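Here is the naming used below: chain letters follow the sequence lines, and residue numbers restart at 1 for every chain. As the structure is a computational prediction, the values presented were derived from the model and not from experiment.
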Number of protein chains: 2
Amino acid sequence: MAEGNRNFARMPYQTGSQLARVPARQQLLKRHNLSLVLRQVTASRSLSRAQLAARTGLTKATVSTLVDALMDARLVVERDPERGFIGRPGSPLSLNPQGPSGLGMEINVDYVSCCVVDLTGAVRFRKTIVSGNRLLRPEVVLQRAVRAASLMWRQADAAGLTVFGLGVGVPGLVDFDGVLHRAPNLLEWQGIAPAEVVADMLGRPLQSLYCDNEANLAALGELWFGIRNSLRDFVFVSGEIGVGAGIVIDGELFRGVQGLGGELGHVTVDPMGPACKCGGRGCLERVAGREALLEAAGLPVEVSPDRNRAGSVPELVARAQAGEPTTLYSLEKAGTALGIALSAFLNVLDLPAVVLGGFYAELAPWLIGPVTSELHDRVVNHSWSPTEVVVSSLGAEASVRGAAGITTRRIIDDPSAWFPEILARA
Amino acid sequence: MAEGNRNFARMPYQTGSQLARVPARQQLLKRHNLSLVLRQVTASRSLSRAQLAARTGLTKATVSTLVDALMDARLVVERDPERGFIGRPGSPLSLNPQGPSGLGMEINVDYVSCCVVDLTGAVRFRKTIVSGNRLLRPEVVLQRAVRAASLMWRQADAAGLTVFGLGVGVPGLVDFDGVLHRAPNLLEWQGIAPAEVVADMLGRPLQSLYCDNEANLAALGELWFGIRNSLRDFVFVSGEIGVGAGIVIDGELFRGVQGLGGELGHVTVDPMGPACKCGGRGCLERVAGREALLEAAGLPVEVSPDRNRAGSVPELVARAQAGEPTTLYSLEKAGTALGIALSAFLNVLDLPAVVLGGFYAELAPWLIGPVTSELHDRVVNHSWSPTEVVVSSLGAEASVRGAAGITTRRIIDDPSAWFPEILARA
């Protein structure tokens with residue numbers, strides 16, 4: 001599990017710099033070509049060997065060898081030949097839904113969520129438990145989460161699926177080694193490596209472990225499974241108790257230099273504003289986080305046992321729909337603050353799209369106006385590269401699906417790293 | 001000049017994705033190994049063939065072939081063997097100071113600057129002209145700049161140097177194609193590709209053209225030629241009439257997704273603050289830009305014919321040294337605003353260092369305190385990855401040196417792209 005224990009978020013960069021430093025060798029070529037073929041199959045869902053050769057520039061013989069190796073590893077399946085309209089029939093290749101799958105887990109302030117996705121990205125099993133975690137000891141929360149995950153794993157066993165890896169999302173600062181340094185809304189969570197702890201508690205073999213901020217994983221969920229799969233560059237805003245952001249650039253997660261970037265919730269929107277738990281003042285979270293917003297709208301902020309009513313967001317929506325002035329005013333104010341903080345992000349990153357996720361998705365009808373207006377005024381390049389504001393299609397599931405998808409994407413990006421036996425056959 | 005006309009800033013990413021998409025071929029290996037060897041020579045300044053083989057993992061025979069090809073192309077020189085203390089003498093290799101050189105130009109609001117740097121990074125010729133450009137037509141400014149550059153080129157000719165490429169820095173939004181979209185402080189500069197225009201006016205062959213925001217080029221200047229060459233991740237803050245920022249991540253310029261990122265000067269530091277030329281309100285530039293700061297300190301803001309006194313910054317320094325209260329208060333306020341805006345950048349990017357450049361370098365003794373204090377309070381990951389505040393060592397030359405260095409760095413990064421004949425010999 002040596003390699004599996006490390007987060008892989010930097011892999012694209014490391015791979016690039018390794019290529020630049022070591023002389024290329026035969027094995028590197030095989031590895032490169034296996035991944036090339038597998039990614040083409042993923043992108044196209046169904047492709048013949050001849051089409052694969054045309055798209056990759058490899059010879060048909062090479063493609064056949066690589067495909068056979070991928071089939072032996074149970075990553076790819078080939079359907080019976082279908083007769084085309086013209087010429088010889090091709091056997092369409094696609095990812096194997098019975099191949100290795102990923103277990104995802106999200107531990108947030110008032111719930112725990114799990115799911116299993118297969119290699120094709122389909123959610124095969126899912127479960128969410130309402131759990132007021134803020135004041136609980138981490139062990140208690142982790143036990144609840146592990147019980148749910150164990151149940152799910154047994155369901156996967158019964159369906160003949162192999163769970164290959166685990167991804168865990170948490171609401172806090174996670175470094176490149178998967179260590180949670182601080183979760184402002186989970187009091188006792190500090191210096192824990194949640195994915196490793198969960199793996200140990202599960203007590204079953206896992207080849208790949210990953211832990212990250214829930215907003216980063218939600219951004220990946222949106223990238224891989226969202227409705228707009230043309231979006232390759234965006235900032236995903238996760239409205240929960242805290243306000244997080246996941247940045248995707250050129251189809252890759254961008255975590256900042258040391259992994260702790262993307263902290264939208266603690267961008268200053270009012271230098272003299274209210275003090276924040278982070279030590280700052282006038283942070284976005286203090287105006288537009290779920291609790292701040294509910295408070296401003298005069299609604300109670302307790303956690304409800306029914307997650308769908310947690311923090312009274314549906315009540316806020318109902319009041320906004322009814323045109324209640326205090327509610328509308330507080331939403332306008334939150335949208336303006338969100339626009340100011342996002343402007344700073346966009347002035348740095350020059351991104352073409354913002355995706356509103358978490359409870360902001362539900363409130364989007366009232367937020368998009370003020371957000372867009374602030375971006376228009378405050379983003380200096382707005383005239384040349386205007387930013388689109390989009391609503392997340394995955395709702396509360398974005399993060400846990402991203403967490404599960406990490407495993408299957410790792411396999412697709414570099415199959416031989418996880419199934420070294422492929423190299424001998426390719 | 002087809003390839004030369006394009007900005008190269010995205011090359012590292014393009015190269016990476018090309019490697020991922022096309023099957024690797026023999027030529028790619030040669031190209032890769034040539035660059036590998038040349039970058040080792042650059043990093044070490046003086047290296048024997050045997051040392052090169054040890055560092056690259058290539059065989060001695062391969063290294064020798066590659067080195068011979070690089071020497072034929074006049075990129076590398078080999079000194080006479082020096083006797084080592086132990087064993088056979090090695091002939092030390094280094095970059096050729098008489099190899100291809102780069103011409104750099106900076107066009108800013110109140111001056112124009114040029115220089116020539118050779119392959120080793122040494123500045124061989126330099127010239128700065130004071131010129132109040134704000135209200136001048138671009139043609140007039142460009143003619144002045146081209147006259148200075150022509151003179152310099154003749155000096156380079158006389159010294160036996162071949163000027164291979166041109167880099168131009170401008171104070172505005174420049175896209176990946178080198179087009180300046182907007183320069184808030186140069187009224188008529190819009191939709192111009194300055195490097196191409198200058199190249200045409202010079203009327204001499206140039207293989208490589210590049211244009212970018214002056215702060216981005218200053219960041220590269222600092223990266224390549226600054227005193228702290230261990231700094232590989234930082235944001236360079238360029239205090240001029242405007243306030244710009246150049247972001248360096250893992251030794252590469254990070255320009256945002258569409259090239260127009262890094263706009264520190266237009267981050268909101270006070271949502272209800274004074275209106276800004278950009279259309280926003282309470283932008284950093286309106287508090288901490290040169291004119292705003294001088295105005296707050298009660299000093300005149302006209303351009304002086306003596307660049308060293310331009311905008312009265314030395315007067316500001318003198319008053320601060322004398323402890324004049326209004327000056328100290330305005331510097332404190334500017335430093336606080338700078339800290340607030342930088343906090344947003346650091347919350348996004350999680351960078352370990354800030355470099356204060358332009359006139360902020362001269363004012364650093366009064367700015368570092370308030371900047372550091374705001375970062376401490378407002379950057380959420382400050383406790384785990386504190387940000388160091390460093391003062392630029394290149395002063396006003398950072399940008400023009402970066403502009404000149406672009407050319408020589410392009411050659412070092414991929415010599416065969418610019419000297420294809422090398423491939424036949426390597």
For this session: Would you check, one step at a time, whether the test ring pair (Phe, Tyr, Trp, His ring centres under 6.0 Å) holds for A/Phe254 with B/Phe254?
Result: CA-CA 12 Å; A/Phe254 175 85; B/Phe254 175 83; 5.3 Å; yes
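Atom CE in B/Met272 sits 15.0 Å away from atom CE in A/Met272 (nearest 0.5 Å). Atom NE2 of B/His181 is separated from atom CG of A/Asn381 by 9.5 Å, given to the nearest 0.5 angstrom. One distance of note links OG1 of A/Thr268 with CG of B/Asp270; it measures 11.5 Å at 0.5 Å rounding.
For a residue to count as touching a neighbouring chain, one of its non-hydrogen atoms must lie under 4.5 Å from one of that chain's; by this rule A/Leu264 does not touch chain B. Looking at B/Pro184, there are no atoms closer than 4.5 Å to chain A (heavy atoms on both sides), in backbone or side chain. When heavy atoms are compared at a cutoff of 4.5 Å, B/Val379 does not approach chain A at all.
Remark: A/Ser416 engages A/Arg31, A/Leu34, A/Asp414, A/Leu423 in a side chain to side chain contact (heavy atoms under 4.5 Å, CB included) (not counting sequence neighbours). For A/Gln51, the side chain to side chain contact (heavy atoms under 4.5 Å, CB included) test picks out A/Leu47, A/Ser48, with sequence neighbours left out.
For the side chain to side chain contact (heavy atoms under 4.5 Å, CB included) test with B/Arg378, the passing option among A/Cys278, A/Pro271, A/Cys276 is A/Pro271; the others fail.
In terms of heavy-atom pairs under 4.5 angstrom with chain B, the leader among A/Val380, A/Val235, A/Leu173 is A/Val380. Across A/Val348, A/Val267, A/Val269, the residue that shares the most heavy-atom pairs under 4.5 angstrom with chain B is A/Val348. Interface remark: of the candidates B/Pro352, B/Cys283, B/Ala245, B/Pro352 forms the most heavy-atom pairs closer than 4.5 Å to chain A. Most heavy-atom pairs under 4.5 Å with chain A, from the set B/Ala341, B/Gly262, B/Ala344: that is B/Gly262.
Listed for the B/Asn347 side chain is a donor-acceptor partner under 3.5 Å among the backbone atoms of A/His266. The backbone N or O of B/Leu260 lies less than 3.5 Å from a partner atom in the side chain of A/Asp350, making a donor-acceptor pair.
Side-chain contact between A/Val257 and B/Leu349 is absent, with no heavy-atom pair separated by less than 4.5 Å.
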